Number of protein chains: 2
Amino acid sequence: MRSICLPVDLELPDLDRLDAIVGTRRSVRRGDALYRADDAFQSLYAVRSGSFKTVVVHRDGGEQVTGLFLPGDPLGLDGVCHDAHACDAVALEDSSVCVIPFALFDAFCHDVKPMQRHFYRMMGSAIVRESNLLMVLGTMTAEQRVAAFLLNLSERFRTRGYSPTAFSLRMTREEMGSYLGIKLETVSRMFSKFQKDGLLETQGKSIHLLDLEGLARI
Amino acid sequence: MRSICLPVDLELPDLDRLDAIVGTRRSVRRGDALYRADDAFQSLYAVRSGSFKTVVVHRDGGEQVTGLFLPGDPLGLDGVCHDAHACDAVALEDSSVCVIPFALFDAFCHDVKPMQRHFYRMMGSAIVRESNLLMVLGTMTAEQRVAAFLLNLSERFRTRGYSPTAFSLRMTREEMGSYLGIKLETVSRMFSKFQKDGLLETQGKSIHLLDLEGLARI
DNA sequence: CGAATTCTTGATACCGATCAATAGATGTGG
DNA sequence: CCACATCTATTGATCGGTATCAAGAATTCG
């Protein structure tokens with residue numbers, strides 16, 4: 001878990017100090033928010049178990065899912081900008097996070113160069129992840145979006161040591177659709193199509209990918 | 001200019017050190033790249049004059065414009081993640097940038113806390129900017145996208161002290177379309193429609209917004 | 001178990017893509 | 001500085017992919 005979350009070589013005294021900073025845990029029930037847009041930014045979080053979505057809420061109530069976070073993913077970086085969070089972070093299932101008070105974390109980064117470097121990487125990763133999503137929303141058909149989404153998940157589960165071909169997805173079709181810029185019915189239709197083509201099997205929330213290469217060719 | 005680019009109060013010795021770091025200038029001709037995806041990440045940049053677009057290139061040649069950068073905007077943050085840039089940065093017109101060697105800048109941030117803080121803000125802003133674009137691409141109609149784009153530009157010109165209602169836009173319709181996830185013909189049609197409705201006047205690259213509130217209502 | 005939410009599937013409508021042709025702008029070399 | 005070639009923009013006609021509307025089935029959760 002730490003290898004995903006903090007792939008940094010730290011010596012013992014530093015490691016203890018970090019453990020003290022990250023000490024607190026917090027549980028969030030399915031559907032509850034870890035933080036909301038305009039909440040004061042005080043802490044970063046690391047997903048320990050479960051999963052989260054981040055959503056931007058438009059003035060006229062329109063919601064856009066902008067991120068999906070799995071165990072090990074850092075959460076809350078959107079708040080670094082203006083001392084307030086820019087989106088809501090909502091648990092997709094009963095979940096828990098590590099709380100990382102930013103003031104302490106920042107001071108720690110100041111003293112420990114590899115940690116500073118890793119923090120930069122986390123911020124950079126968030127930027128690149130969103131760029132990739134822009135690419136998906138800007139250039140792909142509905143079919144390609146769903147395929148790209150599944151392949152991305154597969155890869156992320158793989159790096160976490162879980163099966164890259166069989167996993168359970170706690171998002172609803174509607175949330176996936178929002179994330180991908182399409183409607184829930186379209187998501188459902190694409191799943192049906194892929195199933196018909198022998199690329200995957202679905203049974204409710206659990207998904208079994210049968211042909212990763214086939215999905216990649218779409 | 002510095003007030004956009006570095007809104008930080010620095011004392012004199014620090015200011016001199018920063019000037020030394022930022023010393024170098026670089027000119028980029030229209031259509032040329034300041035950097036390309038996979039180039040080694042060595043420097044950040046600040047736009048001095050002109051404008052840039054960032055583009056992500058898909059394996060099958062598909063291009064997606066992911067950002068538009070005006071004077072004062074920081075450029076290159078996408079490279080902080082993996083020691084290599086994640087996109088191309090291309091000049092939309094003959095332009096110039098300040099070159100900020102990252103190693104020196106990082107050391108400076110380490111010593112000067114307000115600067116560190118400002119760097120965090122820049123990274124955070126990049127994340128929030130992309131979230132907003134995700135919102136545009138995920139939830140808005142073509143008409144709304146073009147209106148939102150023009151209003152965003154208007155606001156950015158305003159904060160820079162330029163006219164918020166009359167400006168010249170060096171992007172082609174195709175580039176705007178790529179940025180907004182629609183085709184160039186659709187961009188053109190929306191401009192024509194807005195013109196018919198008395199919301200703006202266009203003449204080639206120069207745009208005159210006549211009714212900001214009307215655009216916002218769309 | 002039972003109510004509520006979520007999912008699937010079908011029929012139809014509409015927005016934006018595509019194809020195409022003309023007009024206008026931009027830049028280059030004579 | 002003009003003439004020509006090229007790139008860019010506009011506008012129209014048509015097509016297709018997704019959204020929308022609707023109904024019923026499956027799943028989830030209290």
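Because the structure is predicted, anything quoted here is derived from the model rather than measured. Here is how names work: the chains are called A, B, and so on, in the same order as the sequence lines, proteins then strands, and each is numbered from 1.
Contacts of A:T172 with the nucleic acid, taken as non-hydrogen atoms under 4.0 Å apart, involve only primed sugar atoms and P, OP1 or OP2. Across all strands, A:R170 comes closer than 4.0 Å only to sugar-phosphate atoms, never to a base (heavy-atom distances).
Rounded to whole Å, the distance from CG on B:L184 to P on D:dT8 is 10 Å. Protein atom CG of B:L169 is 14 Å distant from nucleotide atom P of D:dT8, rounded to whole Å. Here the P atom of nucleotide D:dT8 and the NZ atom of B:K205 are 7 Å apart, to the nearest Å. In this structure, the NZ atom of A:K183 is 13 Å from the C1' atom of D:dC21, given to the nearest Å. Counting to the nearest Å, the P atom of D:dT11 and the CZ atom of B:R173 are 10 Å from each other. In this structure, B:Q203 atom CD and D:dT10 atom P are separated by 11 Å, rounded to whole Å.
Taking the six-membered ring for Trp, B:Y120 and A:F119 have ring centres closer than 6.0 Å.
Here the range on DNA chain C touched by chain B, meaning any atom under 4.0 Å from one of its heavy atoms, is C:dG16 to C:dC19.
Sequence order on DNA chain D of the closest nucleotides to A:M190 and A:S206 puts A:M190 first from the 5' end.
Screening A:D78, A:D39, A:D38 for a side-chain hydrogen bond (donor to acceptor under 3.5 Å, both in side chains) involving A:H85 leaves a single residue, A:D78.
A salt bridge between A:R30 and A:D94 is absent, with no side-chain N of the basic residue lying under 4.0 Å from a carboxylate O of the acidic one.
Distance from the side chain of B:R189 is smallest for D:dA13 among the nucleotides D:dA13, D:dT20, D:dT18. The nucleotide whose nearest atom lies closest to any side-chain atom of A:E185 is, among D:dT10, D:dT20, D:dA19, D:dT20.
For the helix from C:dC1-D:dG30 to C:dG30-D:dC1, the axis fitted to the five pairs at one end and the axis fitted to the five pairs at the other end meet at an angle of 60° (nearest 10 degrees).
For the OP1/OP2 pair of D:dT10 and a distance below 4.0 Å, the side-chain nitrogens and oxygens of B:S192 include no atom meeting the criterion.
Within the model, atoms CG of A:L184 and CD of A:E174 stand 5.5 Å from one another, a figure rounded to the nearest 0.5 Å.
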